[in-house]
Amino acid sequence: MEMERRKPRVAAFAVALLVTLVALVMVPVWYSVLLSLKSYRPVAGLGGSPWTGFAAYRQVLQSPVMGSAVGNGLLLSVAGFVGSVLLGAALGWFVPRIREGVPRYIALGLLLLPTFVPNICWAVGVLPALAENINLSRWFFIAITAVSGAGLVGFFGAAFEMARPAGGFWQGIGWAALLSAFTCLTPDTELLRLMQSPLSYSTMETLDTYAYRIGLMSLELSTGAAAFILKLLLQGLLGAVVCAGVYWVFLRRHSAPLDTVVRETGEMPFVAWASAAAVLAVVGWVVLGGRLNLTGEAVSLTGIPAQLLSTALAFAMALPIAWAAITAMRTMRYGVFCAVAGLLLCALRPYAAEFLLLKQMGFVGTTLPTAAVALFTPKGLMLTLLCARLAGMPKLNGRPTWLLALMPACLAAATAWGDSLTPTTYILSAELYPSSLLLRQQTMTQPGVSAAGYLLTLLAPLLLCGACGAIAWRTMRQDTIL
C-alpha cells in the first residue's frame with residue numbers, strides 16, 4: 001500500500017520538475033524572439049530599445065554566408081551522424097556478445113569514453129595537422145563527430161539489446177538516430193569554434209557559429225537572436241521529417257511496448273537529497289566562489305579550485321533535472337516524447353539571450369554559467385532522453401531511475417570540467433580560468449602543448465566515464481533485471 005501511495009506522488013513531482021525545466025528552456029527562446037524584433041541598445045535595455053520588426057531577420061537572410069551556413073551545417077551533421085551510426089552499430093553489436101560479467105560492463109562503459117572526452121582534447125590532437133593544411137578542418141571535424149557520437153549510439157544499442165534481446169539492438173540504434181535528427185543543423189559548436197579560423201569560414205561556418213560570432217563577438221545581439229530563431233525553425237522542421245523517416249525504418253517493427261506500470265520505491269528521499277545538494281552547491285558557490293581566488297606564479301594552478309567547484313555544481317544541478325526528465329518521460333508515447341525531445345534539443349544555446357539574462361543576474365565573470373548550462377548540450381540532453389527510453393523497457397521496470405540519472409549528471413560534470421567555450425564567454429578573470437581554457441591558450445601561444453595540462457583536462461572525464469560503467473553494471477546486470 002505504501003508503494004501504491006508513493007508512486008503517483010513520485011510521478012507528479014517528476015512531471016512538475018519536467019514542466020519547470022521546459023519553461024526554463026523556453027524563457028531564453030521567448031527572450032530571443034523579443035530581442036530579434038528590436039534593435040538592442042545596452043543603455044536602454046530590452047524594454048527601451050526601439051522596435052524594428054523583422055529587420056534583423058532580413059539582415060540574416062540577406063547575409064552572404066546564410067546559404068553556406070545552412071549547407072555546412074547539414075553536411076557536417078549528416079556526415080558525422082552517418083559515421084556515428086555505422087561505427088556505433090558495429091561497437092554496440094559486439095558488447096552484448098561478451099560473456100556476462102564485469103568485462104562486459106567495462107566494455108559498455110568504455111563505449112561512452114569518446115563522448116566524455118573534452119572537445120579541447122580532440123582539437124589539440126589535430127591542430128598540428130590543421131596548421132599544415134587548413135582544408136582538412138572539415139574532414140577532421142566529421143571524423144571526430146562520428147567517433148564521439150558513436151559512443152552514444154553504440155552504448156544504447158548494446159544497452160537496449162541487453163534489456164530486450166529480441167529487437168532491442170535496433171530499437172536503441174533507432175532512438176539514438178531519431179534524437180540526432182533534431183540536431184541536424186547544429187554540429188558541435190564548441191568543437192567548430194576550436195577548429196575554425198578566418199580561412200575556413202567558407203567550409204566551417206554554421207548557423208550556430210554565425211549566431212555566436214555575430215551575437216556575442218560582434219555584439220550585434222538582435223541579429224544573433226534572429227539567427228537563432230531561424231535555426232530553431234529550420235531545425236524543428238527538418239527534425240520532424242527525419243523523425244518520421246527514422247521511426248518508419250527503425251522503430252515501427254522493433255519498438256517494444258513501454259511498461260505503463262511503474263514499480264519504484266525510495267525515489268522521494270533521493271529527490272530530496274539531490275535537491276538539497278543542488279541548493280547547497282549554489283549556496284557554496286555564492287559564499288566561496290568569489291574567495292577561491294588563489295594567486296601565485298603558476299597561473300595554470302589558480303583556476304583549479306574554481307574548476308572543481310564548477311564541476312561539483314554541474315553534477316548537483318544536473319542530477320535532479322535528469323531524474324525528473326527520465327521519470328516523467330519513461331512511459332511517454334512516441335508522439336509526445338518526440339515533441340518534448342524536439343523542443344528541448346532545438347532550443348539549445350540561444351547565445352545572445354542567454355548572455356543578456358545571465359548578465360542581468362550578475363553571473364557574467366563567474367564560474368556558475370559553466371555549471372548551469374553543462375547539461376544543456378546536444379550530448380547531455382540526448383544521453384538524458386535515451387536513458388528515459390531505456391528506463392521504460394519492461395525488463396528494467398522496478399530499477400530506481402536515479403541510477404540512470406547519474407550518467408547524464410556525470411556527463412554534465414565532465415562537460416563543466418572540460419568546456420572551453422562557456423568560460424571564454426563568461427569568465428573574465430584569468431585567475432578563474434579552468435585547465436581547458438589554459439590548454440586552449442597554450443596551443444595558440446606555444447609551439448608545444450603541456451602534457452600535464454592535457455592530462456589534467458582529460459582526468460575528470462576519464463574517471464566519470466568509469467563511473468558510468470559502474471552504473472551500467474549496477475543497473476543492467478542480469479541478476480538485477482526483473
Exercise for review: Answer yes or no: is there a side-chain heavy-atom contact under 4.5 Å between Leu404 and Trp323?
Suggested key: no

Check your understanding: If you measure from CD1 on Ile144 to OG on Ser84, what distance do you get to the nearest 0.5 Å?
Key -> 14.0 Å

Check your understanding: Looking at residues at least two apart in the chain, or sitting in another chain, which of them share a salt bridge (charged side-chain N to carboxylate O under 4.0 Å, His left out) with Glu190?
Key -> none

**Study point:** Heavy-atom side-chain proximity of Val117 to Pro461 below 4.5 angstrom
**Key:** no

Practice item. May I ask you to test the Arg138-Met204 pair for a side-chain heavy-atom distance under 4.5 Å? Key: yes

Check your understanding: Under the salt bridge (charged side-chain N to carboxylate O under 4.0 Å, His left out) test, which residues partner Arg97, sequence neighbours left out?
Key -> Glu161

Review point. Can you tell me how far the CG atom of Leu179 sits from the SG atom of Cys338, to the nearest 0.5 Å?
Key: 7.5 Å

Check your understanding: What pairs meet the salt bridge (Lys or Arg N to Asp or Glu O under 4.0 Å) rule with one or both residues in residues 69-86, with sequence neighbours excluded?
Key -> none

Check your understanding: Residues two or more places apart in sequence or in another chain: which of them pass salt bridge (charged side-chain N to carboxylate O under 4.0 Å, His left out) with Arg193?
Key -> none

**Study point:** Contacts of Phe337 that satisfy ring pair (Phe, Tyr, Trp, His ring centres under 6.0 Å) - sequence neighbours left out
**Key:** Trp175

**Study point:** Under the ring pair (Phe, Tyr, Trp, His ring centres under 6.0 Å) test, residues paired with Phe116 that sit two or more places apart
**Key:** none

Tell me which donor-acceptor pairs under 3.5 Å the side chains of residues 374-385 have, and how far apart each pair is, sequence neighbours excluded?
from: Thr377; atom 1: OG1; to: Gly380; atom 2: N; distance (Å): 3.0
from: Lys379; atom 1: NZ; to: Thr115; atom 2: O; distance (Å): 3.1
from: Thr384; atom 1: OG1; to: Gly380; atom 2: O; distance (Å): 2.9

Check your understanding: Is there any side chain to side chain donor-acceptor pair (under 3.5 Å) pair reaching into residues 139-151, and which pairs are they, with sequence neighbours excluded?
Key -> none

Review point. Quick one: salt bridge (charged side-chain N to carboxylate O under 4.0 Å, His left out) partners of Asp419, sequence neighbours excluded?
Key: none

Practice item. List in chain and number order the residues that pass ring pair (Phe, Tyr, Trp, His ring centres under 6.0 Å) with Phe81, two or more places apart in sequence or in another chain; answer none if no residue qualifies. Key: none

Check your understanding: side chain to side chain donor-acceptor pair (under 3.5 Å): which pairs involve residues 457-470, sequence neighbours left out?
Key -> Ser435-Thr457

Point to revise | Pairwise side chain to side chain donor-acceptor pair (under 3.5 Å) hits with a residue in residues 236-245, at least two apart | key: none

